[in-house]
Amino acid sequence: MTMDERPDPVQIIARVGTSFRAAEPERAIEVWVHLAGQAGWQVNRIDGAAVDLDAGECGVVEVEGLRYLVRQDRRVRRTLFDDSGGRLTQRPVFSFAAWAEPVLSPDSVVS
């Protein structure tokens, strides 16, 4: 895959957890880092970065010179199969996923 064919890191969505429960933050960031690496990016975790686990933040990574905050929350669509009413039904629900948001700094933004 050439550099021009790689998806931007903000486009990489890692399905983690279930429709009912988030994945452990460590697992969520591991899955996202793995998918980014498969997409052709060089990714390094930034150890010791301050994150708010209660707000869904999982950690900070550096992707080829730019930093990103990896988060998780309900973000992807899934089909829920439910038979609690005695009859099998299907309905769309949001499920947990991990994604990366840019960490903007004066060095990473051209004004």
Side-chain angles (χ1 to χ4, degrees):
M1 181 178 301
T2 67
M3 290 179 120
D4 294 336
E5 294 173 338
R6 298 183 297 182
D8 191 272
V10 299
Q11 296 173 309
I12 297 170
I13 304 291
R15 292 176 181 264
V16 296
T18 67
S19 301
F20 306 105
R21 183 179 27 238
E24 290 297 320
E26 181 67 23
R27 177 69 179 148
I29 197 168
E30 284 175 359
V31 173
W32 189 89
V33 166
H34 174 75
L35 291 178
Q38 282 188 319
W41 293 102
Q42 296 291 325
V43 182
N44 296 306
R45 300 241 341 237
I46 305 299
D47 293 327
V51 293
D52 184 352
L53 296 175
D54 292 333
E57 297 176 358
C58 300
V60 176
V61 296
E62 185 172 283
V63 181
E64 298 181 12
L66 294 175
R67 289 192 176 193
Y68 295 82
L69 173 65
V70 177
R71 304 177 55 89
Q72 76 168 325
D73 204 344
R74 288 182 171 92
R75 190 170 181 93
V76 293
R77 184 184 184 102
R78 284 200 172 149
T79 300
L80 177 68
F81 294 89
D82 183 8
D83 65 353
S84 63
R87 183 172 67 90
L88 184 63
T89 60
Q90 300 177 35
R91 64 184 172 102
V93 295
F94 287 107
S95 188
F96 284 89
W99 71 95
E101 297 176 352
V103 176
L104 302 178
S105 70
D107 292 336
S108 66
V109 177
V110 178
S111 47

Original post:
Do the side chains of Pro102 and Val10 get nearer than 4.5 Å, heavy atoms only?
Top reply: yes

**OP:** Can you see which heavy atom on Arg77 is nearest to which on Pro92, and at what distance?
**Re:** NH2-CB, 3.3 Å

**OP:** Quick one: pull up CG in Leu69 and CD1 in Ile29 and give me the separation to the nearest 0.5 Å.
**Re:** 8.0 Å

Original post:
Any idea which heavy atoms bring Ala97 and Ile13 closest together, and the distance?
Top reply: CB-CG2, 3.7 Å

Subject >> Atom pair SG/CD of Cys58 and Glu30 - distance to nearest 0.5 Å >> reply: 10.5 Å

Subject >> Separation of Gln72 CD from Arg15 CZ (nearest 0.5 Å) >> reply: 14.0 Å

Original post:
Is there a chain of hydrophobic side chains (I, L, V, M, F, W, Y, each step under 4.5 Å between heavy atoms) that links Phe20 to Val93?
Top reply: yes

**OP:** To the nearest 0.5 angstrom, please state how far the CG atom of Leu104 sits from the OH atom of Tyr68.
**Re:** 9.5 Å

Original post:
For the residue pair Val43 and Gly37, what are the closest heavy atoms and their distance?
Top reply: CG2-N, 4.5 Å

Subject >> Glu62: partners by salt bridge (Lys or Arg N to Asp or Glu O under 4.0 Å), with sequence neighbours left out >> reply: Arg67

Original post:
For Ala14, what residues pass the side-chain contact (heavy atoms from CB on, under 4.5 Å) criterion, not counting sequence neighbours?
Top reply: Val16, Val31, Trp32, Leu35, Ala98

Subject >> Partners passing salt bridge (Lys or Arg N to Asp or Glu O under 4.0 Å) against Arg78 (at least two apart in sequence or in another chain) >> reply: none

**OP:** Would you mind listing every salt bridge (Lys or Arg N to Asp or Glu O under 4.0 Å) that reaches into residues 36-55, with sequence neighbours excluded?
**Re:** Glu26-Arg45

Original post:
Is any side-chain heavy atom of Phe81 closer than 4.5 Å to a side-chain heavy atom of Leu88?
Top reply: yes

Original post:
Just how far is it from atom OG1 of Thr89 to atom CG of Asp83, taken to the nearest 0.5 Å?
Top reply: 8.0 Å

Subject >> Contact list for residues 87-107, test salt bridge (Lys or Arg N to Asp or Glu O under 4.0 Å), sequence neighbours left out >> reply: Arg71-Glu101

Original post:
Do any N or O atoms from the side chain of Gln90 and from the backbone of Thr79 form a donor-acceptor pair under 3.5 angstrom?
Top reply: no

**OP:** Verify, without hydrogens or angle tests, whether Trp41 (side chain) and Val33 (backbone) share a donor-acceptor contact under 3.5 angstrom.
**Re:** no

Original post:
Which residues satisfy the side-chain contact (heavy atoms from CB on, under 4.5 Å) test with Asp73, sequence neighbours excluded?
Top reply: Phe96, Trp99

Subject >> Residue pair Ala39 / Arg6: nearest heavy atoms and the distance that separates them >> reply: O-CG, 3.2 Å

**OP:** List the atom of Val63, the atom of Pro9, and the distance in Å for their closest heavy-atom pair.
**Re:** CG1-CG, 3.9 Å

Original post:
Are Val103 and Val61 co-members of a hydrophobic cluster defined by side-chain heavy atoms under 4.5 Å apart?
Top reply: no

